[in-house]
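Input: a single structure, listed below in structure tokens.
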Amino acid sequence: MECKKEANGKKCNCTYSGCPRHGVCCDCLSYHLVKRQLPACCFPADAERTYDRSFAHFARLVNEGKH
């Protein structure tokens, strides 16, 4: 399967500048899951900017109806 890095990069909402995984979704997902986190694309913009990518943060957002 061919990587669609350029197309993915246009949609990626990650605000971490210089991220080497920007647009490479398979690498990004693998990286975050190993750390027990979710990637930026799972969070609304204001929550993504906190860089708290934890499962607990995601669950709080869902419980608060913010996601």
Side-chain angles (χ1 to χ4, degrees):
M1 176 179 230
E2 184 179 330
C3 182
K4 299 177 183 177
K5 182 177 180 175
E6 188 175 325
N8 293 340
K10 292 176 184 175
K11 297 183 231 176
C12 181
N13 69 324
C14 178
T15 58
Y16 185 71
S17 63
C19 177
R21 292 167 295 279
H22 187 84
V24 185
C25 300
C26 56
D27 289 349
C28 180
L29 187 58
S30 294
Y31 172 82
H32 285 289
L33 289 177
V34 164
K35 295 175 143 292
R36 299 186 50 80
Q37 300 174 343
L38 293 169
C41 58
C42 294
F43 295 91
D46 59 332
E48 186 281 329
R49 285 189 293 271
T50 68
Y51 297 127
D52 182 354
R53 308 276 172 76
S54 67
F55 293 149
H57 186 210
F58 181 79
R60 279 192 304 275
L61 293 171
V62 171
N63 284 336
E64 294 170 4
K66 295 180 180 176
H67 193 280

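Here, residue 1 is the first one in the sequence, and each next residue gets the next number.
Taking both residues in full, the closest heavy atoms of Val24 and Cys3 are given as CG1-SG, 4.3 Å, listed atom of the first, atom of the second, then distance.
Under a 4.5 Å side-chain heavy-atom cut-off, the cluster of Ile, Leu, Val, Met, Phe, Trp and Tyr residues that includes Tyr51 is completed by Tyr16.
The side-chain contact (heavy atoms from CB on, under 4.5 Å) search around Cys12 returns Cys14, His22, not counting sequence neighbours. With sequence neighbours excluded, the residues satisfying ring-ring contact (aromatic ring centres under 6.0 Å, His included) with His57 are Phe43. Remark: Lys4 engages no residue in a salt bridge (Lys or Arg N to Asp or Glu O under 4.0 Å) (not counting sequence neighbours).
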Determine all donor-acceptor pairs shorter than 3.5 Å in which one atom belongs to a side chain in residues 28-41; sequence neighbours excluded.
from, atom 1, to, atom 2, distance (Å)
Ser30, OG, Cys26, O, 3.0
His32, ND1, Gln37, OE1, 2.7

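Pairs passing the salt bridge (charged side-chain N to carboxylate O under 4.0 Å, His left out) check and including a residue from residues 55-67, sequence neighbours excluded, read Asp52-Arg60, Glu64-Lys66. Within the structure, every pair that satisfies the side chain to side chain donor-acceptor pair (under 3.5 Å) test and touches residues 40-49, not counting sequence neighbours, is listed here: Thr15-Glu48, Glu48-Arg53.
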